[in-house]
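Please read the structure below before turning to the comments.
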Protein chains: 2
Amino acid sequence: MTKPKPSNDEILDIATRTFSEKGYDGARMAEIAKAAGVNKATLYYRIGDKDILFTAVLKRIFGTKVGQLEEMLKTPQSAEAKIHEFAKILVLGEIPEQFGAIMLREIANGGRNLPDEVLPLMGRTVGVLEEILASGQKDGVFKPINPFLLHMALVGGCSLYATNGPIRRRVAQMAPKDSAIHKELPLNEAANHIAEMLLGGIRITRN
Amino acid sequence: MTKPKPSNDEILDIATRTFSEKGYDGARMAEIAKAAGVNKATLYYRIGDKDILFTAVLKRIFGTKVGQLEEMLKTPQSAEAKIHEFAKILVLGEIPEQFGAIMLREIANGGRNLPDEVLPLMGRTVGVLEEILASGQKDGVFKPINPFLLHMALVGGCSLYATNGPIRRRVAQMAPKDSAIHKELPLNEAANHIAEMLLGGIRITRN
DNA sequence: AAATGGTTTAACTGGATGGTTAAAATGAGT
DNA sequence: ACTCATTTTAACCATCCAGTTAAACCATTT
């Protein structure tokens, strides 16, 4: 019956979920405070205004992803395996849909609410992919392709699939019975499949 | 010096741009009215409330895309060429970024503002891609893959690239000088490159 | 030129929302 | 137990915003 006062980190958890579901404009400070179990003024006292809160959310979520990517980069797997890992890291995690939704929306927004501080983190995700591709090319197993466009297709495809569940199910109801849209794939399998398709265009094939 | 009163279609043009730039929550009815050169009440009189306006915008933009896709489907090109066309249709058009931005945001939103009427149109874009793939498989040139995931990667990749210009340029400023992010690709080339990568994973290769 | 009916307008409303404040509660150090 | 800084709270405020209203406007008909 007691309510242990939530840590700042727990507040950020709630804020992350709210922003990922409603977007920056759609999220309400009062709503976040209530969901976190703190008074609205406490939220302002502890963390700050909406911009500061959003920045904190972005820094933490992108920071976590970049950390996982850097770790993965150090492992001794093949470049090809690392592409698969890259896709899985994007799409999985404690809170799968959230990263994708926030990323998609921020991009669609032209980064209107994106503070400078998170830009290096976004840039680093591209950088990691570039390093994987460069190493694959050095080993003579990858073609030269535009890493940034691969990044778009990989991130776009995985994030879209990770977040489109609600719409997908609504569309599925009115789609032909034999449509592929009815197949509910777990996120990691979807990420694998997308990565595999793209690897088909990257891998050097002798023919 | 005279101001010819804008047609409903011109109002929809403005509304489409506003919604694509700001999103549903970020767009202001007063802003749309002013930009279109009509009184706010006129906007309500002529079209209706925010939901009705948004629905009209969605129906028109998705309807146009689906129309173009259906036309393309009828042409006598190879399945492979049609995949390329598919990507180009998504990303090009009178108002390139708008479709992508609206689509990405709607998906990230879980379709909170998406009316039932546009679902068949969204479903049809997947359907068109499925038909292309089926025909390619019948001709023995395509592997069996999950069409829905191809759709994700293609739409996601192209839409992301089409809309991420502003962020990309900001990230580029703090990226290493040799990063692929600095290369400014025209949209149709980017769409081609992404389609080509994915085709690598679709095409049947003898090896 | 008066009546009619569709269209546009400025002004307004009610409720929500981001942000503030002053006072109360809490707790650590003495 | 007292002091003082930190934290929490309820109440408050100014602004914004979707949507409405009643009057004005204009074209056509009679």
Side-chain angles (χ1 to χ4, degrees), chain A residues 1-59 102 105-106 109 111-115 117, chain B residues 1-60 102 105-106 109 111-115 117-118:
Chain A
M1 210 51 219
T2 59
K3 48 169 186 178
K5 72 176 188 178
S7 67
N8 280 13
D9 228 57
E10 286 165 329
I11 293 179
L12 282 190
D13 288 344
I14 300 288
T16 304
R17 200 173 71 212
T18 308
F19 281 126
S20 81
E21 284 171 2
K22 312 275 182 79
Y24 183 88
D25 289 315
R28 305 286 158 221
M29 293 299 277
E31 180 193 7
I32 292 171
K34 193 178 173 190
V38 275
N39 189 283
K40 187 156 63 99
T42 305
L43 182 57
Y44 275 86
Y45 177 80
R46 289 241 223 129
I47 295 181
D49 66 18
K50 201 175 185 180
D51 276 319
I52 294 171
L53 176 60
F54 191 56
T55 299
V57 164
L58 290 176
K59 279 171 76 171
I102 288 179
R105 227 180 321 236
E106 257 339 280
N109 271 337
R112 237 178 339 125
N113 306 302
L114 200 64
E117 305 159 68
Chain B
M1 212 51 218
T2 58
K3 48 170 184 177
K5 72 178 188 178
S7 68
N8 280 13
D9 228 57
E10 285 166 330
I11 293 179
L12 282 191
D13 289 342
I14 299 288
T16 304
R17 200 173 71 211
T18 308
F19 281 126
S20 81
E21 284 171 3
K22 312 275 183 80
Y24 182 87
D25 289 316
R28 304 288 160 222
M29 293 299 276
E31 181 194 6
I32 292 171
K34 192 178 173 190
V38 274
N39 188 283
K40 185 153 66 98
T42 304
L43 181 59
Y44 276 86
Y45 178 79
R46 289 236 225 132
I47 295 181
D49 67 18
K50 200 176 186 181
D51 275 318
I52 294 170
L53 176 61
F54 190 55
T55 300
V57 163
L58 289 176
K59 279 171 76 172
R60 201 181 59 153
I102 288 180
R105 224 178 326 234
E106 259 337 281
N109 270 336
R112 238 177 339 125
N113 306 302
L114 200 64
E117 306 159 68
V118 307

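All values derive from a computational prediction rather than experimental measurement. Naming convention: chains lettered A, B, ... in sequence-line order (proteins, then strands); numbering from 1 in each chain.
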Any side-chain N or O of [X] less than 4.0 Å from the OP1 or OP2 oxygen of [N]?
X     : N      : value
B/R46 : C/dT8  : yes
A/R28 : C/dA16 : no
B/Y45 : C/dT8  : no

Atom [atom1] of [X] and atom [atom2] of [N]: how far apart are they, to the nearest Å?
X     : N      : atom1 : atom2 : result
B/N39 : D/dG19 : CG    : C1'   : 12 Å
B/K40 : C/dC12 : NZ    : P     : 14 Å
B/M29 : D/dT20 : CE    : C1'   : 13 Å
B/K34 : D/dA18 : NZ    : P     : 15 Å
A/F54 : C/dG18 : CZ    : C1'   : 16 Å
B/L43 : C/dT8  : CG    : C1'   : 12 Å
A/D25 : C/dA16 : CG    : C1'   : 15 Å

#### Entry: By side chain to side chain donor-acceptor pair (under 3.5 Å) - contacts of B/K34 (at least two apart)
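Not a single residue meets the side chain to side chain donor-acceptor pair (under 3.5 Å) criterion with B/K34.
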### Task
May I ask you to say what B/A27 touches in the nucleic acid, namely base, sugar-phosphate or nothing, with a heavy-atom cut-off under 4.0 Å?
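Touches sugar-phosphate only.
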### Closest to side chain of B/Y44, choosing from C/dG18, C/dT9, D/dA18
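Nearest nucleotide to the side chain: D/dA18.
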### Query
Between D/dA10, D/dT8, C/dG18, which nucleotide has the shortest distance from any of its atoms to the side chain of A/T42?
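Of all the options, the side chain of A/T42 is nearest to D/dT8.
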### Query
Do the side-chain N and O atoms of B/Y24 and B/D51 include a donor-acceptor pair separated by under 3.5 angstrom?
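Per modelled atom types, B/Y24 and B/D51 side chains form a pair under 3.5 Å.
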### Query
Can you find a donor-acceptor N/O pair under 3.5 angstrom joining the side chain of B/K50 to the base of D/dG19?
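No, no donor-acceptor pair under 3.5 Å.
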### Message
Counting only heavy atoms and a strict 4.0 angstrom limit, can you tell me which residues of residues 8-22 of chain B come near DNA chain C?
### Response
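Here the set is empty: none.
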#### Entry: pair B/L58-B/F19: side-chain heavy atoms closer than 4.5 Å
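B/L58 vs B/F19: side chains apart.
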